[in-house]
Amino acid sequence: MEQQAALTPLELSKLLREKRERREKIIRGVIKVFIYIGLIILFLISILPFYVVLVNATRSTSELQVDFYLTFGSHLSNNLEWLKKQNVDFVSAFLNSVYISAGAIFLSVYISSLTAYAIVVYNFKLKNPIFILVLLLIMVPTQLSVVGFYALIHGIGLYDNIWAFILPAGVAPTTVFFMRQYIVANIPLDFIESARIDGCKEFWIFNIIVLPLLLPALATMAIFSLIASWNNFFMPKIILLSKKNWTLPVLMDKLKGDIYRREIGPLHTALAIAIAPLLVFYALLSRYIIKGVALGGLKG
Amino acid sequence: MLSSSNIGNVSNFDTKTQKAKKIKSISYRKYGYFFVTPFILFFLMFSLYPTLYTFIISFTDRSGLDPNVFGNFVWFDSYKSVVGDKFFWRSILTTLKIWGVNVTLQFLFAIVLAAIFNDQSLKIKGQGIFKFAYYLPNIVTAATVGYIFRQLLQPSGTINTLLVKYVDGWVRKNFMLEKDIVQLSVSLVLTWIWYGNTMIVLLAGMAGIDPTLYEAARIDGAGSVKQFFYITLPLLKTILLYAFITSLAGGLQMYDVPFFFVPTSHTQTVAIRIYQWGFTGVNHYGKAAAASIIMLIITMLISSVLFWIMSVDVSSTKKYSKAKGV
């Protein structure tokens, strides 16, 4: 008190302000600690189920029946052997998923870029109607026309054939829309014009000059195409009947039988095999994926 | 819009006569058609045809496994039988219930997280790692995710094992037989899958908000909470609506998670109902098709409401396109 009395009013107000600021800083610090705790809890909730699957994949059924583990066990090879004995062909299902994804990525990305390029660069009568069609297609849930799709696949002889899931990727309205926005923002038309003066043919201008410039956008869209076809389950379950054509999600569906419900060790190994490729892929490319989500904002 | 600027560039670059220009633009026109042809062909075959065919089948009594039997035209009988079917309405109710709980929680989490990450005074560290983790559930097959959670809840699953270990006298119990628990679980799983995605979309929207607005608010003495309610939320209205309605459109088609999770009547969504009519038992394609068309119309109505709102709210739409970096 005595000390304070000796202060001038100016010094006093400064002292009080400092005191208030210090208090606010402490409050902010406490709030921040709570926020971090919340964020970390959510972090664990998001990651833990995958981690538990990976851990359980290395544990035996009898171990899993009595306890819950956070460290890896030593039964991975036993579980794999058990799966092999059941005639579960992961390799073939994995390859089918890879083939379908690769084909679907190529078709959706290439055809969509061509279409977007045409809409931006050329001036033709149907240009606006086609763009409107693309926007309409984004809104219409074509997944609901399953009955018609089923009949079509039968009609063109693609029943029980993985091409039934590669070819439809050619219509990717969201990708067309995204590529259009990217071309408008990033490809200078003068550039195309100078290529024309150099005598390049239109098709080669697109393939050799424009396509490489679209690479960042192509990569983003390729990732989404991959996730979509890798996770596709509804129609493959109906159409891919023979075992050699199953994809990973279809195979997972077949593992629902009773025998797997009891053998939970090997079941987790199977789950781990199904998710591992995507986890690796995501770990490598998450930055682009998250950027793509922010840019697109169009996923259901 | 763009075409005219394009042609303008062409003419600036070329010092040829008006006539030569015209010839040039005509000759390029054909490439436009040439380049869109693949898309149109694929559209006709894999998008238009199945939709039209579904539409036509919805007026027939087609059923059975033989794809060559077309069935008779019964006009609106299939629609009548869908609308009169109590299972159809129950499946719509189930879908809306599961989706409703999911969307409420999902948006709550997403908005709060986005606001925290966006707040300049908090300066949260490790945002990259948090975003990485929060988006992770979205990447893994919904089918697999459903399977994982089913694994947690079933009698021999992890949760029961934990309860047996720590709760005296706990008898292993099948959580999946209880309607409320099952529906709530599916909602929570969907929230878990989608909250990271919604958060990132909302963050992108927030990034488009003019930072000088926050500066002005700070000078006027508004704290983080006030800034959020008076600046962020109003300016985010359009993108919030957008995210909300895309979620509804997706939610109406909800299939894999409930199907993989617990294939009981408690989680029978509309899409599962359609699947069961069309592809199990006697294959009532007509009925399945009619139900699909009804859902298609509902979804399109919702989508057009979205587009109407977006076009009305021009000022925020500008913010949105800015956020998208367009």
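Note that the coordinates shown come from a computational prediction; the quantities given were computed from them, not determined experimentally. Reminder, nothing fancy here: chain letters follow the sequence lines and each chain counts from 1.
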Undergrad: Locate the shortest heavy-atom distance separating B:Lys123 from A:Lys32; write the atom from each residue and the value.
TA: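 Closest approach of B:Lys123 to A:Lys32: O-NZ, 4.1 Å.
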
Undergrad: Can you tell me how far the OH atom of A:Tyr282 sits from the CZ atom of B:Phe132, to the nearest 0.5 Å?
TA: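 Interatomic distance, A:Tyr282 OH to B:Phe132 CZ, rounded to 0.5 Å: 5.5 Å.
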
Undergrad: Need one label for A:Leu279: side chain, backbone, both or neither, based on atoms under 4.5 Å from any heavy atom in chain B.
TA: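 Contact with chain B: side chain only.
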
Undergrad: Given a strict heavy-atom distance threshold of 4.5 Å, which part of A:Ile45 is in contact with chain B: side chain, backbone, both, or neither?
TA: both

Undergrad: Within the structure provided, determine whether A:Phe149 and B:Thr54 are in side-chain contact (heavy-atom separation under 4.5 Å).
TA: no

Undergrad: Taking the ring centre of each residue, are B:Phe279 and A:Tyr150 less than 6.0 Å apart?
TA: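 For B:Phe279 and A:Tyr150, the ring centres are under 6.0 Å apart.
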
Undergrad: For B:Tyr166, which atoms come within 4.5 Å of any heavy atom of chain A: side chain, backbone, both, or neither?
TA: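 Nothing of B:Tyr166, per the 4.5 Å heavy-atom cut-off to chain A.
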
Undergrad: Report which part of B:Lys165 has an atom under 4.5 Å of a heavy atom belonging to chain A: side chain, backbone, both, or neither.
TA: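 For B:Lys165, the contact with chain A is made by the side chain alone.
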
Undergrad: Are the side chain of A:Tyr36 and the backbone of B:Lys125 linked by a donor-acceptor contact shorter than 3.5 Å?
TA: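 Indeed, once roles are kept as given, a pair shorter than 3.5 Å links the two residues.
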
Undergrad: What part of A:Lys237 lies closer than 4.5 angstrom to a heavy atom of chain B: side chain, backbone, both or neither?
TA: side chain

Undergrad: For B:Tyr195, is it the side chain, the backbone, both, or neither that has a heavy atom closer than 4.5 Å to a heavy atom of chain A?
TA: side chain

Undergrad: Does any non-hydrogen side-chain atom of A:Val134 lie less than 4.5 Å from one of B:Phe39?
TA: yes

Undergrad: Determine whether A:Ser46 and B:Leu136 make a side-chain contact, defined as any pair of heavy atoms from C-beta on separated by less than 4.5 Å.
TA: no

Undergrad: Is A:Tyr117 in contact with chain B via its backbone, its side chain, both, or neither, using a 4.5 Å heavy-atom distance?
TA: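 For A:Tyr117, the contact with chain B is made by the side chain alone.
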
Undergrad: Return the minimal non-hydrogen interatomic distance between B:Met45 and A:Ile156, and the atom names on each side.
TA: CE-CG2, 3.4 Å

Undergrad: Below 4.5 Å from any heavy atom of chain B, which atoms of A:Ala169 appear? Answer side chain, backbone, both or neither.
TA: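 Contact with chain B: none, neither part.
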
Undergrad: Can you tell me how far apart CD (B:Gln127) and CD1 (A:Ile290) are? Round to the nearest 0.5 Å.
TA: 11.0 Å

Undergrad: So for A:Ile223, is it side chain, backbone, both, or neither that comes closer than 4.5 Å to the heavy atoms of chain B?
TA: neither

Undergrad: Which residue out of A:Arg287, A:His268, A:Arg28 racks up the most heavy-atom pairs below 4.5 Å with chain B?
TA: A:His268

Undergrad: Heavy-atom count check: over 12 atoms from other residues, nucleotides or ligands less than 6.0 Å from B:Phe34 CZ?
TA: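 Open: at most 12 neighbouring heavy atoms sit under 6.0 Å from CZ of B:Phe34.
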
Undergrad: Are the side chains of B:Val140 and A:Asn231 in contact, using a 4.5 Å heavy-atom criterion?
TA: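 No, side chains not in contact.
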
Undergrad: So which part of A:Phe206 gets closer than 4.5 Å to some heavy atom of chain B, the side chain, the backbone, both or neither?
TA: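 Interface part for A:Phe206: side chain.
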
Undergrad: State, with a plain yes or no, whether a side-chain heavy atom of B:Phe35 is found less than 4.5 Å away from one of A:Ile119.
TA: no

Undergrad: Is the shortest heavy-atom distance from the side chain of B:Tyr31 to the side chain of A:Phe124 under 4.5 Å?
TA: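 Of all side-chain heavy-atom pairs linking A:Phe124 with B:Tyr31, none is under 4.5 Å.
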
Undergrad: What's the separation between atom CD1 in A:Ile31 and atom OG in B:Ser224, rounded to the nearest 0.5 Å?
TA: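 Here the interatomic distance stands at 8.5 Å.
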
Undergrad: To the nearest 0.5 Å, tell me how far B:Thr37 OG1 sits from A:Leu114 CG.
TA: 9.5 Å

Undergrad: Are any non-hydrogen side-chain atoms of B:Ile40 and A:Thr115 less than 4.5 angstrom apart?
TA: no

Undergrad: Is A:Ile238 close to chain B through its backbone or its side chain, or both, or neither, when contacts mean heavy atoms under 4.5 Å?
TA: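 For A:Ile238, the side chain is the part near chain B, not the backbone.
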
Undergrad: Could you tell me which non-hydrogen atom of A:Leu136 sits nearest to which non-hydrogen atom of B:Met300, and how far apart they are?
TA: CD2-CE, 4.4 Å

Undergrad: Is atom CZ of A:Phe191 surrounded by more than 12 heavy atoms (other residues, nucleotides or ligands) closer than 6.0 Å?
TA: no

Undergrad: How far apart are the closest heavy atoms of A:Val147 and B:Ala289, and which atoms are they?
TA: CG2-N, 4.0 Å

Undergrad: Just to verify, what does A:Phe43 make a side-chain contact (heavy atoms from CB on, under 4.5 Å) with, not counting sequence neighbours?
TA: A:Ile47, B:Ile129, B:Phe130, B:Ala133, B:Tyr134

Undergrad: Measure A:Phe50 against the heavy atoms of chain B and call it side chain, backbone, both or neither at under 4.5 Å.
TA: side chain

Undergrad: With a 4.5 angstrom heavy-atom cut-off, which part of A:Ile35 approaches chain B: side chain, backbone, both or neither?
TA: side chain

Undergrad: Please classify the contact between B:Val164 and chain A as side chain, backbone, both or neither, with a heavy-atom cut-off of under 4.5 Å.
TA: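 For B:Val164, no heavy atom lies under 4.5 Å from chain A.
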
Undergrad: Of all heavy-atom pairs between B:Trp192 and A:Pro49, which one has the smallest distance, and what is that distance?
TA: CZ2-CG, 3.6 Å

Undergrad: Sort B:Leu41 into side chain, backbone, both or neither according to what part of it lies under 4.5 angstrom from a heavy atom of chain A.
TA: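 For B:Leu41, neither part sits under 4.5 Å from chain A.
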
Undergrad: For chain B, which candidate among A:Leu135, A:Val52, A:Leu133 shows the most heavy-atom pairs at distances under 4.5 Å?
TA: A:Leu133

Undergrad: How far does CD1 of A:Ile289 sit from CG of B:Asn197, to the nearest 0.5 angstrom?
TA: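 One finds 11.5 Å between CD1 of A:Ile289 and CG of B:Asn197.
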
Undergrad: Picking from B:Ile124, B:Thr198, B:Ile293, B:Ile193, which has the most non-hydrogen pairs under 4.5 angstrom with chain A?
TA: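 Ranked by contacts with chain A, first place is B:Ile124.
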
Undergrad: So what's closer than 4.5 Å to chain B heavy atoms on A:Leu167: side chain, backbone, both or neither?
TA: both

Undergrad: Checking A:Asn56 against chain B: side chain, backbone, both or neither under 4.5 Å from a heavy atom?
TA: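 A:Asn56 touches chain B through side-chain heavy atoms alone.
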
Undergrad: Count the heavy-atom pairs under 4.5 Å between each of B:Ser304, B:Ala291, B:Pro137 and chain A, then report the option with the highest count.
TA: B:Pro137

Undergrad: With a 4.5 angstrom heavy-atom cut-off, is it the side chain or the backbone of B:Ile139 that approaches chain A, or both, or neither?
TA: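 Both parts, backbone and side chain.
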
Undergrad: Does any heavy atom of chain B fall under 4.5 Å from the side chain of A:Leu126, the backbone, both, or neither of them?
TA: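 It is both, since atoms from each part get that close.
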
Undergrad: Crowded around B:Phe43 CZ? As in, over 12 foreign heavy atoms under 6.0 Å?
TA: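 For B:Phe43, atom CZ is crowded (more than 12 foreign heavy atoms under 6.0 Å).
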
Undergrad: Got a sec, which residues hit ring-ring contact (aromatic ring centres under 6.0 Å, His included) with B:Tyr49, two or more places apart in sequence or on another chain?
TA: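 By the ring-ring contact (aromatic ring centres under 6.0 Å, His included) rule, B:Tyr49 matches B:Tyr53.
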
Undergrad: Is it the side chain or the backbone of B:Ile57 that comes within 4.5 Å of chain A heavy atoms, both, or neither?
TA: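 The answer is the side chain of B:Ile57.
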
